[in-house]
J.: 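Let me give you the structure first, and then I'll get to my questions.
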Amino acid sequence: MGGEEVVVRRGGRAASLQALVAHCTEYGFVFPSSEIYGGFAGVYDYGPMGAPLKRNVKEYWWRAMVQLHANIVGLDSAILMHPKVWEASGHTAHFFDWFVENRKNRKRYRVDQVVEAWVDRLRAEGREGEARRVWEAFEEALRSGRSEELTAFFRAYRVEDPEEGAPGDWGAVRRLNLMFVTWAGATDEDRQEVYLRPETAQGIYVNYLHVQRSARLRVPFGIAQVGKAFRNELIFRQFLMRMREFEQMEMQFFVAPEESEEWFDRWIDRRLRWYLALGFDRSRLRVQPHKHLAHYAQKAVDIEYRFPMGWKEVEGIHLRTDYDLRRHQEFSRKKLTYFDPFKQEHYLPHIVETSAGVDRVFLAILSEFLVWEQLDEGSGGGERVVFRCPRWLAPVQVAVFPLVRRDGLPEVARRIFDALSLHFVCAYEEKDSIGRRYRRHDAIGTPYAVTVDYQTLEDETVTLRDRDTLRQERIAIPDLIVRLKELLDWSELLRRVRES
Ligand code: GAP
C-alpha cells in the first residue's frame, strides 16, 4: 500500500454551472469558439480532454445500440440534403420559436419559457385558478399562429419577466426560423437554398428502405446515427445546453403500427438504463411528458437530468407515428411502404425515436461525476477535485509516472508507457511532485496510475493506484496489461445496460 491511502469523505458536486465551465477551461475539456475574437455565441470547441471524452460518450451509445442489438444497424448520412426533405418533414413550416423582448432590461426570451416559468410560480404560490386561466389564454394565442395575438396576450396578462419577478415591458412577439440556410451552386442562376440539418433523423427516414433491404432487416428494426445538427437558436445562457452547432445520437425504431405504444414504453426504460449503467444517481434523472408536442409527435417524453442550474432535458423519446414516412412518400412521389412477410401486407411502419444530445450528456456526466472532496489529515488534508468519470469513458485511461526524475526510474516508466499504450490511452508525466501529478489526473478523471519507484528496480513491481479509493496495489510489471484489461473491459458496462 502507498502512503497516500486516505479516508475520503464523499464530497460535493459543482454547485454552479460556472464551476463546471471553469473546470472545463482549466483542464482542457471545452473552450469557447474563436475566443481571441471575443467568442461566437452558442459554439464551443472540445479540447484535449473533452474531445476523447466526447468520442467515448458516442462510442458507448453506438455500442449500446448497434453492438448490443442484432436488429439495429448504423448509418452515417450527409448534413446537406435535398431542400424538399425539410418541406416534407414540416421543418420549413413549423420549426421556429416565438420570442419576445422585455424593453425594460433588453432581455430576450422564448415565449413558452417565460409563460411556463410564470405559471409554475403562480402554482407554487397556490394560485391554481389564475395559473390555469393564463395557460389557457396562452395556448389560444399560440393556436392562432399570429404574432399580434401573442403580443396582445403578453400585454393584457402583464406576464412576469422570470428574471425580474415583475411584469415586463413587452415588445412585439416575433418569429425566429431555427434552420440555418446556405447556398449551393456556382453562379447566381443555379444558386439553390439548402439547409444545415436541424436533426439527423431525416437522413435515416429517406434511406430507410435502402438500409432495410441491404441489411435484410424485418420490422421491428432500428437505424442508429450520430452526427452534427445545427439550429439558429436565439438565447445562449447555459453553456453546452443550447448551442448553434451540436451533436445528436439518434435511433429510429421502425415498428408495426399496432405495437408502437408498447415499443415507446420499452425504449424509455432502455434509455434510462443507459444512464444508470454509467452510475448516474436515479434521484437526479426523471422522465417528463412533453407539455407541447412537436409537429411530428403523437407522444413524447424527455429524460431530464438535475444539473446545477435545475432540471433540463438531455434526451427526447418520441412516438413519431408514420408522419415522416407518409410526408416523404407524398412529397417525393416514391412508394415508401414496407412489405411485411408475416402479415403479407404493405404498410408504412411507425417510428419510435430516441434522440440524445451528445453535448448535454457530456455536461451531465461532468455535473454528476465531478466532485470536490475533503481528504483526511493522514494525506495532508485539504481538498481534491476528482472527476469520477466512468472508467470506460475517461479521456486518459492510465497515467504512468516515475516517482522521481532520476536514478533510471524515467527509463523504466517510459518502457512501461510504450508497452501499455499499445492497449490503452496512456499519459506519461515526470514533471512536478508525484502528489501534484496524482491531483492533476484526479481532476481530468484518469482512473488508474502506474508509478515506478525504487522498489521497481529491485523486484520489477510497480504501484497501481485507483483514482476513487486511492488504494495502491503492488503489481508485477508483466501482469499489468492483463489486470488493466480486466478493469477497463467494456463488457461489464454493456452487461449493465442490457440487464440492470
Ligand atoms: N429528432 C428529434 C429531435 O431533434 P429534439 O428534442 O429537438 O428532438 C433532441 O432534440 C436532443 O438534441 C435534445 O434532447 C438535446 O439533448 C439535443 N439538442 C437539441 N437542441 C440542442 C441545442 N440547441 N444545443 C444542444 N443540444 C441540443
Side-chain angles (χ1 to χ4, degrees), residues 17 30 33 40-44 46 54 57-58 61 75 77 79 81 85-86 89-91 94-97 99 110 112-113 176-180 195-206 208 222-253 264 267-268 271-272 274-275 285-305 307 311-321 323-325 327 351-365 367:
L17 186 61
V30 181
S33 161
F40 189 65
V43 185
Y44 291 91
Y46 286 80
K54 187 179 178 206
V57 168
K58 294 187 278 185
W61 183 87
L75 181 74
S77 72
I79 288 171
M81 301 181 77
V85 166
W86 306 109
S89 69
H91 282 84
H94 301 292
F95 200 52
F96 61 84
D97 276 341
F99 74 95
R110 262 175 46 194
D112 55 331
Q113 289 179 345
L176 173 78
N177 204 312
L178 290 171
M179 280 202 293
F180 274 101
Y195 298 102
L196 301 186
R197 66 182 178 196
E199 61 170 7
T200 67
Q202 298 302 325
I204 295 182
Y205 303 145
V206 299
Y208 106 96
I223 305 178
Q225 162 156 253
V226 179
K228 290 261 178 169
F230 302 82
R231 293 184 191 177
N232 191 16
E233 302 278 0
L234 171 74
I235 295 150
F236 314 99
R237 284 192 196 128
Q238 291 175 337
F239 195 34
L240 307 178
M241 288 302 300
R242 198 155 290 285
M243 300 161 82
R244 286 180 161 133
E245 175 180 339
F246 58 100
E247 257 183 292
Q248 292 185 314
M249 305 180 282
E250 297 201 305
M251 194 280 301
Q252 313 295 326
F253 203 68
F264 176 70
W267 274 109
I268 296 172
R271 290 305 302 148
L272 255 183
W274 187 82
Y275 296 89
L285 287 168
R286 72 179 185 190
V287 175
Q288 287 290 97
H290 275 205
K291 286 197 185 120
H292 290 291
L293 289 174
H295 60 274
Y296 50 73
Q298 176 188 314
K299 265 180 148 183
V301 297
D302 287 337
I303 295 183
E304 293 187 348
Y305 174 71
F307 288 94
W311 288 101
K312 303 277 169 203
E313 167 189 353
V314 287
E315 171 159 357
I317 298 166
H318 312 123
L319 180 47
R320 293 181 77 133
T321 66
Y323 173 87
D324 300 272
L325 296 182
R327 297 272 297 186
I351 291 166
V352 176
E353 168 184 68
T354 72
S355 175
V358 178
D359 312 84
R360 289 192 192 178
V361 171
F362 180 101
L363 190 59
I365 288 174
S367 310

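Ligands are counted one by one from 1 in listed order, and the atoms in each one are counted from 1 as well. Being a predicted model, the structure only gives us computed values, none of them experimental.
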J.: Hey, could you give me each pair passing salt bridge (charged side-chain N to carboxylate O under 4.0 Å, His left out) that has a residue in residues 294-305? Not counting sequence neighbours.
T.: E261-K299, R286-E304
J.: Nearest 0.5 angstrom please: S367 OG to K312 NZ, how far?
T.: 12.0 Å
J.: Scan side-chain atoms only and decide if T321 and Q298 contain a donor-acceptor pair under the 3.5 Å cut-off.
T.: no
J.: Does the side chain of Y208 come under 3.5 Å of the side chain of Q252 through a donor N or O and an acceptor N or O?
T.: no
J.: For A41, enumerate each residue passing the side chain to side chain contact (heavy atoms under 4.5 Å, CB included) test, keeping only those at least two apart in sequence or located in another chain.
T.: F236, R244
J.: I need the contact residues for ligand 1: any residue with a non-hydrogen atom closer than 4.0 Å to the ligand, ordered by chain then number.
T.: E199, R231, E233, L240, M241, R242, M243, F246, Q248, E250, Y296, E313, V314, E315, G316, H318, R320, E353, S355, G357, R360
J.: Using the test salt bridge (Lys or Arg N to Asp or Glu O under 4.0 Å), find all partners of E313 that sit at least two apart in sequence or belong to another chain.
T.: none
